[in-house]
2 protein chains.
Amino acid sequence: LPKNDLLGGLLAAEFNKQSCLSRFQSAIYQKISPHKPSSFLVSKLREYEKLHKRCGPYTQSYNETLANINSGKAIGSTDCKYIVWISFSGLGNRILTLASAFLYALLTNRVLLVDRGKDMADLFCEPFPEKSWLLPTDFPLVNQFQSFGQNSPNCHGNMLKKNIINTSTNTLPAYLYLHLAHDYGDHDKLFFCDEEQTVLAKVPWLVLKTDNYFVPSLFLMSSFDEELSKLFPDKETVFHHLGRYLFHPTNRVWGLITRYYQAYLAKADEKIGIQVRVFEEGNGPFPHVMDQILACTLKEKLLPEVDEKGFISSPPENQKLKAVLLTSLSSGYSEKLKDMYWEYPTVNGDLVGIYQPSHEEYQQTERQLHNQKAWAEMYLLSMSDVLVTSSWSTFGYVAQGLGGLKPWILYKPDNRTAPNPPCRRAMSMEPCFHAPPFYDCKAKAGTDTGALVPHVRHCEDMSWGLKVVSGHDEL
Amino acid sequence: LPKNDLLGGLLAAEFNKQSCLSRFQSAIYQKISPHKPSSFLVSKLREYEKLHKRCGPYTQSYNETLANINSGKAIGSTDCKYIVWISFSGLGNRILTLASAFLYALLTNRVLLVDRGKDMADLFCEPFPEKSWLLPTDFPLVNQFQSFGQNSPNCHGNMLKKNIINTSTNTLPAYLYLHLAHDYGDHDKLFFCDEEQTVLAKVPWLVLKTDNYFVPSLFLMSSFDEELSKLFPDKETVFHHLGRYLFHPTNRVWGLITRYYQAYLAKADEKIGIQVRVFEEGNGPFPHVMDQILACTLKEKLLPEVDEKGFISSPPENQKLKAVLLTSLSSGYSEKLKDMYWEYPTVNGDLVGIYQPSHEEYQQTERQLHNQKAWAEMYLLSMSDVLVTSSWSTFGYVAQGLGGLKPWILYKPDNRTAPNPPCRRAMSMEPCFHAPPFYDCKAKAGTDTGALVPHVRHCEDMSWGLKVVSGHDEL
Ligand SMILES: Nc1nc2c(ncn2[C@@H]2O[C@H](COP(=O)(O)OP(=O)(O)O)[C@@H](O)[C@H]2O)c(=O)[nH]1
Ligand SMILES: Nc1nc2c(ncn2[C@@H]2O[C@H](COP(=O)(O)OP(=O)(O)O)[C@@H](O)[C@H]2O)c(=O)[nH]1
């Protein structure tokens, strides 16, 4: 076995190989991460695995805790407490929110259970030994997940708004629904106040729907900040470690990843990932986006310039072979790039091959193979040496986080023109929290949560977003 | 210099390197041909080069012979005689007819001059030392080339029909137009009778328009058959040698070839060329064509089967990397193939990468870059280890001939269904003559010209066509 086999102790050893090849083979394909998990994180994960084994689906504790829901309210303190993650939004979003939910589970000693939605089980291996992380299909609330929203009776924010619960409430419900989706309100956002956490801690079942990577705000809570610093001494590695711990492609997806890698990318001297996500009306490819991709990659010297005037001269020695993996719903960008490097020689003689695994033309969130390919592409991007991502896209965040890469971020175009400068280097490999609260729980007043501590900052790609940075090597 | 540098003496040495890199670099990319040119061919070519130098554009002899045209009739015997090739039809057709015209020039001691059409000079280097093969733009007839046809006054067939010339005519015109295009008539076809050759031999200027590789019929003429056997002891190498002698991609096209090869194909263990040319109404991709490509390549074990049921298992040792270069006007076939080898593992563990340089969607015979790409693709196909071609396509013939390859030929589909069997191996690497005469000149009667000699047979892909075969290793 290669020495990085369990990612420096991050992964538990007791797994069957054939059921999830990626867990064991990823070390053959990925570079060894320079970021070692802390021993505190490792022991915390081993502890969690024990907890999950004890409390997982259909264990005695699970069955007993389930009784609370059936009875309608929390019957005293339970042995195990749970956080149920509802499958919601695009795949990149889901990966980020699942990691957020897991971190919350670690911090609050809850057991994470995963709503399988249409395709979660086709995409990810079981991450915990012995007991599944998938919520049993006979879980009582499962048919209500879709309809849960801000105004649901058991919605935490709603109950706060209506004053049905507060810190001194004695009888708490058996479950609370946490609405942390992008459209959440001020009362929902009180989730990020330490006081509320003491209430939530008593509720056996928390059911979470979110499309936000809310980790940055956990760093701002006194309930968690100390433990977070111990778990992640290098702060920007939260998603990097948790992502590599949790998300192992199923064999089907692993086949997509390894076949593509071996057939097209393995022999290159350098691999450049370019993730193109266009949030505009209308069908691409858009000329301003193409201009921006070229402006960024050429200016930052990620790709060589071409010589449009001169024709080929004798091939220089030591020319490098660069493989560009471009992902996009449209095929236009990679085709233009491919034509450019076919039609003209590069000024330095380097060879550039362009690869795009799929071009699905439009987002098809629920088609099985579609998301298997999307997941394969995020993973393949994460195997790049150098990464360029699009603003606002969780698809890109997943790639950068898993790969431990600080990408060049293409600024979001305004008015159908390429921004100038076209891109900038990310401060950290962490994802951006797109809809953070701006509230000082103690002062009960608005505040700029991006200016409170040096390691939680506004994002490069979204001025109101928050992201965790390590604080060293700041830009 | 690599040892195959001048293709075993086929090429003349006195050339400037920079002006035509392909002439010197092709040996780095191409396999050494197992077919050596005969020393008779080599000396014939060196002789031709001397002739061309003496008679080429603007030489004294050229100027003198030109005077014949201006005076309207042949003024006695001239020092140099010419065959002028008119640029006509698609690029594959042009390459084949130009080779045919050159062979005719060799056999009749004529000088070949090439109408540059829209793009001949952008596509091909000068093949002969010192003097250009391009017809001067001030050549008197150049503006009439387009309008030359079966009924032109100087058309050889037309004059025969109207009895204006015959073997005993004393005053011959300064030029004759030879109409050997697919729509030619019985009188035009008398070109292939030895008697007529004695007449033609006296005419200083022959101007040829054809879209046919008429070499097979030259093998049936007693004027030429002996010399042809001495020039090409291995009979099926006619186009192979003449093609490699004549057609050197310009630096611009050579850039297209070498960049594509190095970026995408060089590292593969095996290169499989698939040339898909669909002569059907309507827009592809057509399912029956896709079925046929798969049926042929899988049945003939050119490509490995995929395992649609089983998922990936551990990668076997010694897996081969196969690169498929697929050319087609449509992108659909290569996309389907690419998806198939991405989505499923191969039964033998081999890796298959699919590459298609361009997909121009429709034939754009006159666009400069379009034909540069078409030429680059023919050349890239010729660099394959194994080749699959489409019936009736001269594009494929060029690739097989330059590459010295006996392709698997996809039978022409009938009625929008995939033929069964889908393909067969070619008998020889020679192109097919699509519209040969079926006439016995001596008997003055129809005859099956595909049954006269063992080395001229009907084609695999067109029952009425003729092609040259070597006679050994017959199928
Ligand atoms: N295969 C593939 N799918 C994509 C790509 N970009 C977007 N998608 C699809 O669109 C969805 C976008 O949602 P998400 O992953 O949450 O990313 P985001 O919307 O960019 O934050 C993905 O899950 C895919 O289904 C791409 O480059 N490749
Ligand atoms: N680039 C490219 N062009 C093609 C392809 N197939 C056909 N064409 C175009 O269509 C023309 C077809 O004419 P020709 O070369 O004489 O081949 P034929 O019609 O197949 O005998 C070519 O010269 C190209 O311009 C292809 O696979 N690639």
Side-chain angles (χ1 to χ4, degrees), chain A residues 17-19 21-22 24-25 28-29 249-268 306-307 310-315 319-324 331 335 338-346 349-359 369 372-373 376-377, chain B residues 17-19 21-22 24-25 28-29 249-268 306-307 310-315 319-324 331 335 338-346 349-359 369 372-373 376-377:
Chain A
K17 282 232 159 98
Q18 291 304 316
S19 69
L21 293 162
S22 66
F24 300 93
Q25 292 181 358
I28 311 172
Y29 295 92
T250 51
N251 288 353
R252 183 75 207 273
V253 177
W254 189 240
L256 293 175
I257 294 164
T258 54
R259 281 190 296 276
Y260 203 90
Y261 184 82
Q262 294 182 299
Y264 299 110
L265 307 174
K267 304 229 159 132
V306 296
D307 179 9
F311 292 167
I312 194 184
S313 64
S314 305
Q319 46 189 15
K320 270 202 208 159
L321 179 58
K322 298 198 173 197
V324 173
S331 61
E335 293 205 349
K338 190 178 148 214
D339 280 349
M340 181 177 108
Y341 285 108
W342 187 31
E343 292 171 12
Y344 304 107
T346 58
D350 281 355
L351 297 159
V352 184
I354 312 291
Y355 301 92
Q356 177 167 354
S358 77
H359 49 97
L369 187 59
Q372 292 181 339
K373 288 186 174 178
E377 289 177 25
Chain B
K17 280 234 160 93
Q18 291 304 316
S19 68
L21 293 162
S22 66
F24 300 92
Q25 292 181 358
I28 311 172
Y29 295 91
T250 51
N251 289 353
R252 183 77 206 272
V253 178
W254 190 239
L256 293 176
I257 294 165
T258 55
R259 281 190 296 277
Y260 203 91
Y261 184 83
Q262 294 182 299
Y264 299 110
L265 307 174
K267 304 229 158 131
V306 296
D307 179 9
F311 292 166
I312 193 182
S313 63
S314 305
Q319 46 188 17
K320 269 204 208 158
L321 179 58
K322 298 199 173 197
V324 174
S331 61
E335 293 205 348
K338 190 177 150 213
D339 280 349
M340 180 177 110
Y341 286 108
W342 187 30
E343 291 171 14
Y344 305 107
T346 58
D350 280 355
L351 297 158
V352 183
I354 312 291
Y355 301 93
Q356 177 167 354
S358 77
H359 50 97
L369 187 59
Q372 292 182 340
K373 288 186 173 178
E377 289 176 26

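The sequence lines fix the lettering, A, B, ..., with proteins before strands; numbering per chain opens at 1.
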**Q** Between the side chains of A:Q356 and A:S331, is a donor N or O closer than 3.5 angstrom to an acceptor N or O?
**A** no
**Q** Measure B:L321 against the heavy atoms of chain A and call it side chain, backbone, both or neither at under 4.5 Å.
**A** side chain
**Q** Quick one: OH on A:Y264 to CH2 on B:W342, what's the gap to the nearest 0.5 Å?
**A**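 Going from OH on A:Y264 over to CH2 on B:W342, the span is 9.5 Å.
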**Q** When only pairs under 4.5 Å are counted, which of A:V352, A:I354, A:T250 shares the most heavy-atom pairs with chain B?
**A** A:I354
**Q** Please step through side-chain contact (heavy atoms from CB on, under 4.5 Å) for the pair B:L369 and B:R252, ending with a clear verdict.
**A** CA-CA 10 Å; B:L369 187 59; B:R252 183 77 206 272; 3.9 Å; yes
**Q** Between B:K373 and A:E343, does any NZ, NE, NH1 or NH2 come within less than 4.0 Å of an OD or OE carboxylate oxygen?
**A** yes
**Q** Which bit of A:Y344 is near chain B, if near means a heavy-atom gap under 4.5 Å: side chain, backbone, both or neither?
**A** both
**Q** Is B:A376 in contact with chain A via its backbone, its side chain, both, or neither, using a 4.5 Å heavy-atom distance?
**A** side chain
